[in-house]
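What follows is a short report on a single structure.
Keep in mind that what you see is a predicted model, and the values were worked out from it rather than measured. The figures that follow rest on heavy atoms only: side chains count, while hydrogens, waters and symmetry mates do not.
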Amino acid sequence: MDSVRKEIVGNELLMQSIKELIKEGHTVTLTVKGVSMTPFLINQRDSVVIAPLTTSSLNIGTIVLAKEKNRDRYLLHRIVKQRKDGYQLRGDGNCYGTEEIATEDIVGYVKSATRNKVRVDYGTLKWRLLWYIWRYMLPIRRLLLAIYNHIIKRK
Amino acid sequence: MKIKEGFVLRDVCNSNVVVAQGVENIDFNKIIKLNDSAAYLWKQIETDGGSFTPDKLADLLVKEYDIDRETASTDAVTLSQSWLDAGIVAE
């Protein structure tokens, strides 16, 4: 009872609870799992605060938690393109793959991220810089990720 | 002791979890999960107005579970302390 434990919860169960909490107006803090948002968010190290959508929070560069169209898979990826009825997402750590989502399948957006214990808020200069630099590096993203992973492995 | 205002027991991911009501942030890295007996006690306190003493918890434990008074008292004191540490109850 008095111990601090780490538990891994299945995605489906987690998403259901997150949806409920966000609908009630809560924000939810989660640790990032997976490498698809590297290097903006690092697997198991960084955490994000997911908040209910606001009218001004759906922009190119916003990271959203959403269910992929026609698939039962939830993603925490960045909006890269606006569509008629939704958005196209791409993980920062992905060079080629993109995903399509419908607006109604967005659970919430990343209001702030804690990267290596330092908080970065959505929309701030630091947030935009981190994103813009990475975005314009897209043509050489694969090379940069390869170098990055090489350095991480040698650490 | 008293349950702090706004803190309620609810189901999160099929677990008994204590969260602050309203618009507060729920940190999945620091979630307060109660086991079945702790959740039972919490519910009893809730329906009883929110106030409790470790002695009262021990009474409830003896009544509900097949344990001796001494074990119940030790558990009740430990539990009260961990709730205090977690910041969900106040002296």
Side-chain angles (χ1 to χ4, degrees), chain A residues 1-34 37 41-54 57 63 65 74 76 107-122, chain B residues 1 3 6-45 52 54 57-58 60-61 64-65 67 71-89:
Chain A
M1 184 48 231
D2 51 347
S3 60
V4 176
R5 271 181 306 168
K6 192 173 168 184
E7 276 185 47
I8 306 290
V9 178
N11 239 5
E12 204 157 305
L13 202 54
L14 184 66
M15 288 309 151
Q16 207 185 322
S17 287
I18 292 174
K19 267 194 243 171
E20 249 171 55
L21 291 167
I22 283 186
K23 212 183 260 172
E24 288 170 28
H26 289 282
T27 54
V28 168
T29 303
L30 288 176
T31 298
V32 174
K33 231 182 116 202
M37 280 301 283
L41 300 170
I42 304 300
N43 182 28
Q44 310 275 20
R45 183 196 76 179
D46 297 342
S47 63
V48 290
V49 175
I50 317 246
L53 286 181
T54 60
S57 59
I63 302 170
L65 178 66
Y74 282 87
L76 188 78
V107 178
Y109 80 103
V110 175
K111 198 181 161 197
S112 75
T114 301
R115 309 174 68 242
N116 209 6
K117 300 191 177 78
V118 181
R119 195 173 119 183
V120 189
D121 288 333
Y122 171 75
Chain B
M1 279 181 244
I3 292 178
F7 282 96
V8 291
L9 186 67
R10 63 175 294 162
D11 179 283
V12 175
C13 300
N14 285 348
S15 297
N16 294 306
V17 166
V18 176
V19 296
Q21 259 180 331
V23 290
E24 212 143 336
N25 183 49
I26 312 289
D27 190 339
F28 274 75
N29 300 321
K30 293 179 201 148
I31 221 156
I32 301 155
K33 184 178 160 181
L34 305 188
N35 63 17
D36 287 344
S37 46
Y40 166 76
L41 293 175
W42 185 277
K43 280 180 207 153
Q44 295 301 310
I45 302 166
F52 68 98
L57 295 186
L60 287 164
L61 282 174
E64 179 72 12
Y65 303 96
I67 53 167
T71 314
S73 288
T74 319
D75 286 356
V77 170
T78 312
L79 181 65
S80 305
Q81 190 56 50
S82 67
W83 283 355
L84 272 176
D85 293 344
I88 54 179
V89 302

Backbone N/O of B:Cys13 and side chain of A:Ser17: donor-acceptor pair under 3.5 Å: yes
Atom CG of B:Asp85 with >12 non-hydrogen neighbours under 6.0 angstrom: yes
A:Leu21 side chain near B:Phe28 side chain, heavy-atom distance below 4.5 Å: yes
A:His26 side chain to B:Glu24 backbone, donor-acceptor under 3.5 Å: yes
Contact class of A:Thr31 relative to chain B, heavy atoms under 4.5 angstrom: both
Identified side chain to side chain contact (heavy atoms under 4.5 Å, CB included) partner of B:Asn29 from the options A:Thr29, A:Thr114, A:Leu30: A:Thr29
side-chain contact (heavy atoms from CB on, under 4.5 Å) between A:Glu24 and B:Val19, intermediate numbers included: CA-CA 12 Å; A:Glu24 288 170 28; B:Val19 296; over 6 Å; no
Flag if over 12 foreign heavy atoms under 6.0 Å of CD, A:Gln16: no
Interface residue of largest heavy-atom contact number with chain A, from B:Asp27, B:Val12, B:Asp11, under 4.5 Å: B:Asp27
Nearest-0.5 Å distance, CG of residue B:Asn14 to CG of residue A:Leu14: 11.5 Å
Validation row: A:Thr27, B:Ile26 side chains within 4.5 angstrom (heavy atoms): no
Heavy atoms from other residues, nucleotides or ligands near CZ of A:Arg45 exceed 12 (cutoff 6.0 Å): yes
